[in-house]
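Okay, so here's the structure we're looking at.
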Amino acid sequence: MSDCIFCKIVAGEIPSEKVYEDDKIICFKDIAPEAPVHVLIIPKVHIESMDSLEEGDMEVVSHIMLKIKEIANSLGLDNGYRVVTNIGEEGLQTVKHLHFHLFGGRMLKWPPC
């Protein structure tokens, strides 16, 4: 998608502070962090949101879920962390590209709203 900011990050058209990258996903620091550790994990292929997932997306989404633990460990999040994805307007999804926020580095509160 030519107008998707995350697709532009994947393509290298917009710089990011990468934390992890492989052939399926990229993880980079959030530009407006809400916690001492706040990174975004996105698939390299454009998927709009959880609501638009199809059977063929299962491999990349399960890959993300498995890599989150590895990324959290590499960031020193030994005492816990939170993973969030926002879906749609009321869920506050501001970028229409599936992404997961990984938060940590302090005691997180609940509810988050």
Side-chain angles (χ1 to χ4, degrees):
M1 301 227 16
S2 62
D3 61 341
C4 173
I5 190 168
F6 288 171
C7 288
K8 290 179 180 183
I9 289 172
V10 169
E13 297 169 16
I14 295 176
S16 66
E17 196 170 339
K18 293 179 190 172
V19 172
Y20 176 84
E21 183 175 13
D22 64 26
D23 62 323
K24 293 178 178 66
I25 67 172
I26 186 170
C27 174
F28 52 91
K29 291 185 178 181
D30 193 291
I31 61 169
E34 297 289 335
V37 174
H38 182 178
V39 296
L40 301 174
I41 303 136
I42 68 169
K44 287 186 171 182
V45 61
H46 185 86
I47 301 169
E48 187 169 303
S49 77
M50 292 288 284
D51 277 350
S52 63
L53 286 174
E54 298 178 359
E55 187 85 19
D57 300 320
M58 186 171 27
E59 182 180 345
V60 71
V61 173
S62 62
H63 182 73
I64 289 171
M65 295 296 110
L66 290 171
K67 287 296 178 178
I68 285 173
K69 173 178 66 173
E70 181 180 316
I71 293 166
N73 287 338
S74 76
L75 294 170
L77 300 178
D78 302 325
N79 292 322
Y81 52 90
R82 180 173 294 151
V83 178
V84 174
T85 188
N86 301 321
I87 303 152
E89 183 179 342
E90 289 186 10
L92 298 178
Q93 182 181 5
T94 57
V95 178
K96 303 297 187 217
H97 186 121
L98 179 64
H99 58 285
F100 297 86
H101 296 261
L102 172 59
F103 300 100
R106 66 169 166 80
M107 181 62 74
L108 301 171
K109 299 181 191 282
W110 197 261
C113 310

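Residues satisfying the salt bridge (charged side-chain N to carboxylate O under 4.0 Å, His left out) test with Glu89, not counting sequence neighbours, are none. For the side-chain hydrogen bond (donor to acceptor under 3.5 Å, both in side chains) test, residues two or more places apart in sequence or in another chain that qualify with Lys29 are Glu17. Judged as a side-chain contact (heavy atoms from CB on, under 4.5 Å), and not counting sequence neighbours, the contacts of Glu55 are Met58.
Considering only heavy atoms from C-beta on, Phe100 comes within 4.5 Å of Met65 through its side chain. The shortest side-chain heavy-atom distance between Ile26 and Tyr20 does not fall under the 4.5 Å cut-off. Under the 4.5 Å side-chain criterion, counting only non-hydrogen atoms from C-beta, Val60 is not in contact with Leu98. Proximity of Ile25 to Lys67: side-chain heavy atoms (C-beta onward) are separated by under 4.5 Å at one or more points. The shortest side-chain heavy-atom distance between Met50 and Thr85 falls under the 4.5 Å cut-off.
Remark: side-chain polar atoms of Glu54 are not paired, donor with acceptor, to backbone N or O of Gly56 under 3.5 angstrom. Under the 3.5 Å distance criterion, the side-chain polar atoms of Glu13 are left unmatched by any main-chain donor or acceptor of Lys8. Side-chain atoms of His97 do not come within 3.5 Å of backbone N or O of Val95 as any donor-acceptor pair.
Residue-environment remark: CD (Glu90) stays at or below the threshold of 12 foreign heavy atoms within 6.0 Å.
Nearest heavy atoms, Ile87 versus Ser49: CG2-OG, 4.1 Å. The heavy-atom pair separating Leu77 from Gly105 by the smallest distance is CD2-N, 3.4 Å.
For residues 53-87, the set of pairs meeting the ring pair (Phe, Tyr, Trp, His ring centres under 6.0 Å) definition, not counting sequence neighbours, is empty.
Other cluster members for Phe103: Val84, Leu108, joined by side-chain heavy-atom distances under 4.5 Å among Ile, Leu, Val, Met, Phe, Trp and Tyr.
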Check: residues 35-45 side-chain donor-acceptor pairs under 3.5 Å, at least two apart:
unit_1: His38; atom_1: ND1; unit_2: Glu34; atom_2: N; d: 3.0
unit_1: His38; atom_1: NE2; unit_2: Asp30; atom_2: OD2; d: 3.2
unit_1: His38; atom_1: NE2; unit_2: His101; atom_2: ND1; d: 2.8
unit_1: Lys44; atom_1: NZ; unit_2: Glu21; atom_2: OE2; d: 2.9
unit_1: Lys44; atom_1: NZ; unit_2: Asp22; atom_2: O; d: 2.7

